[in-house]
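Data block below; observations after.
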Amino acid sequence: MPILDENRTETDREHGSAPTPLIAIASVIVSMALIAIGNGLMFAYIPVRLGVEGFDPIWAGLIVTGLSAGGLAGCILTGPLVRRVGHARAFMVLSALIALSNVAIGAGPHPLLWIGARALYGFAICGLFIVAQSWLNYALPNAIRGRVMAVFYVSYVAGLGVGYATLAIVDIHTAAASLIGITFTALSILPVGMTRLAQPPAPQAASVALRQAWRISPVGVAGMLAVGGLSMIISGFAPIHATAKGYTQGDVALLLSAMPVGTLILQIPLGWISDRTDRRFVLAGTAMLAIVASVLAIVFDGGALMVLVVIYLVWDGAAESIYSLSSAHAADRARKDELLALSSSMLFAWSLAGFVVPGIVTALSVVFGTATFIYVGIVIAALFCLFVLWRVIAARPVPAAATGSFTPMSAQAPLPVELAFATDEPQDRARD
């Protein structure tokens, strides 16, 4: 099958001419899945290693905050990088930065160094998602875009789960985890380095217009703010708290590896329901589910491991589902000419919350202990639920005929870039 030409027009893509070989598309997906394995391992390894070495849990919290700060910088600076060197070179540069971050972690438990290393990782991983998703969105025809992007998200989440589970077999006192992370990151460069997938033309700078995004979809923006905080504190602070509570290295690996399963299990039925009713009802119900799960996490804190595994599976799955449901809801509310600015603004909202909330949790943990993130999660989910219910009363729903189709997504694979690639003609839609 012929390769996509770089100058291929949107009309060509929509009508399916010169289709891109699936093996070329798969190269980007496989690369990101390989990176996910190393990333999941490092997420689990760092708090456990610090706990074994006797460091105060506050250091692990500061490392999560540093990662979030790097992610916010990545959202801002990746665009100029791609415009300068193109998608393929940017992908390889950012992968190299992740490898360097893992090298610094392998140098031994030096918290200040690790804060800088994880900030570098946060910058690089956010940039990688911007590059990978915009690359795929350019190459994919509309007919299969949703299905391929769903495979992309599932592959990355599954890779994270494999990485989390790998902690159970790693010698925590050595640099083995870092070496494994470096290995998978290096392997991830190979498919992209050898791909024949045509690169998109240099992207234009996307504007961040939070006021406009709020006018289009208050619930969508609020959902991104909520899930930006929830996603970062659950994935970042759950291993810190579990280590502080005395769970073993294998216990932490099991707890974390089960959490992505919740994302995969819950999103499909919730998405199916949301395509057939007002998505705001589903969003409110999902937030309530997150509240119930987090309350149960407090009740059973320090108890039987398998009970906590189920609780965290549901909690993480509900939180991640808010991301995909909010993205779909915002797309339902926007005109086609508004989608690019909306996408950028929602990414910024997600990143901002992902930076601010972990910092708040870290500061409060000094006084209230490592369980603080659970209580903060309850507050975030409750406020979001109340806001959604208020919007249900205050604004009319989008007619079912005007809504798009739900696509599974994960806040661990950030950036709702597919919002910028609607297939419908421009049309006015209801505001929520």
Side-chain angles (χ1 to χ4, degrees), residues 145-158 160-161 217-232 234-235 258-297 309-333 346 350 353 377-378 380-392 397-416 418-419 432:
R145 178 176 292 130
R147 282 172 287 172
V148 173
M149 293 306 294
V151 171
F152 172 84
Y153 287 114
V154 170
S155 299
Y156 187 82
V157 172
L160 282 178
S217 177
V219 168
V221 175
M224 285 297 163
L225 290 170
V227 77
L230 282 173
S231 175
M232 285 306 303
I234 296 173
S235 62
M259 285 162 55
V261 176
T263 301
L264 301 179
I265 290 176
L266 291 180
Q267 286 208 44
I268 299 302
L270 289 173
W272 184 87
I273 295 171
S274 75
D275 280 343
R276 289 155 177 80
T277 186
D278 187 341
R279 292 195 206 275
R280 294 175 298 181
F281 289 125
V282 185
L283 275 166
T286 304
M288 290 178 186
L289 182 61
I291 294 170
V292 171
S294 50
V295 170
L296 291 175
V309 166
V310 175
I311 291 171
Y312 275 81
L313 182 151
V314 174
W315 189 19
D316 187 66
E320 296 288 324
S321 297
I322 291 174
Y323 182 89
S324 51
L325 291 167
S326 296
S327 297
H329 176 75
D332 293 340
R333 299 274 172 171
M346 291 180 69
W350 178 90
I378 293 173
I380 292 173
L383 290 175
F384 176 63
C385 182
L386 291 173
F387 178 76
V388 174
L389 292 175
W390 174 67
R391 293 303 303 174
V392 168
V398 174
T403 62
S405 296
F406 174 86
T407 300
M409 294 161 58
S410 169
Q412 298 301 319
L415 183 60
E418 60 273 22
L419 293 179
D432 70 340

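As the structure is a prediction and not an experimental result, all values here were calculated from the model.
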### Message
With heavy-atom distances below 4.5 Å as the criterion, would you say the side chains of L289 and L266 are in contact?
### Response
yes
### Message
Give me the atom names and distance for the closest heavy-atom approach of R391 to R280.
### Response
O-NH1, 3.0 Å
### Query
Atom OG in S235, atom CD in E320: separation rounded to 0.5 Å?
7.5 Å
### Task
Not counting sequence neighbours, which residues clear ring pair (Phe, Tyr, Trp, His ring centres under 6.0 Å) with F387? List them please.
W214, W390
### Query
Under 4.5 Å between any side-chain heavy atoms of M288 and L389, yes or no?
yes
### Task
Sequence neighbours left out, what passes side chain to side chain contact (heavy atoms under 4.5 Å, CB included) with I234? Give chain and number order.
M259, W315, D316, A319
### Message
Tell me the closest heavy-atom pair linking S217 and G220, and the distance in Å.
### Response
OG-N, 2.9 Å
### Query
How long is the gap from CG on L270 to CD1 on I322, to the nearest 0.5 Å?
10.0 Å
### Message
Under the rule for side chain to side chain contact (heavy atoms under 4.5 Å, CB included), what residues qualify as partners of V261, not counting sequence neighbours?
### Response
I265, L313
### Message
Return the CD1 to SG distance between I380 and C385, rounded to the nearest 0.5 Å.
### Response
14.0 Å
### Query
If you measure from CD1 on I378 to CG on L230, what distance do you get to the nearest 0.5 Å?
10.5 Å
### Task
Could you tell me whether the side chain of F384 reaches within less than 4.5 Å of the side chain of S326, counting heavy atoms only?
yes
### Task
Please check if the side chain of S294 supplies one atom and the backbone of I291 the other of a donor-acceptor pair under 3.5 Å.
yes
### Query
Rounded to the nearest 0.5 Å, how far apart are CG of L383 and CG of L225?
11.5 Å
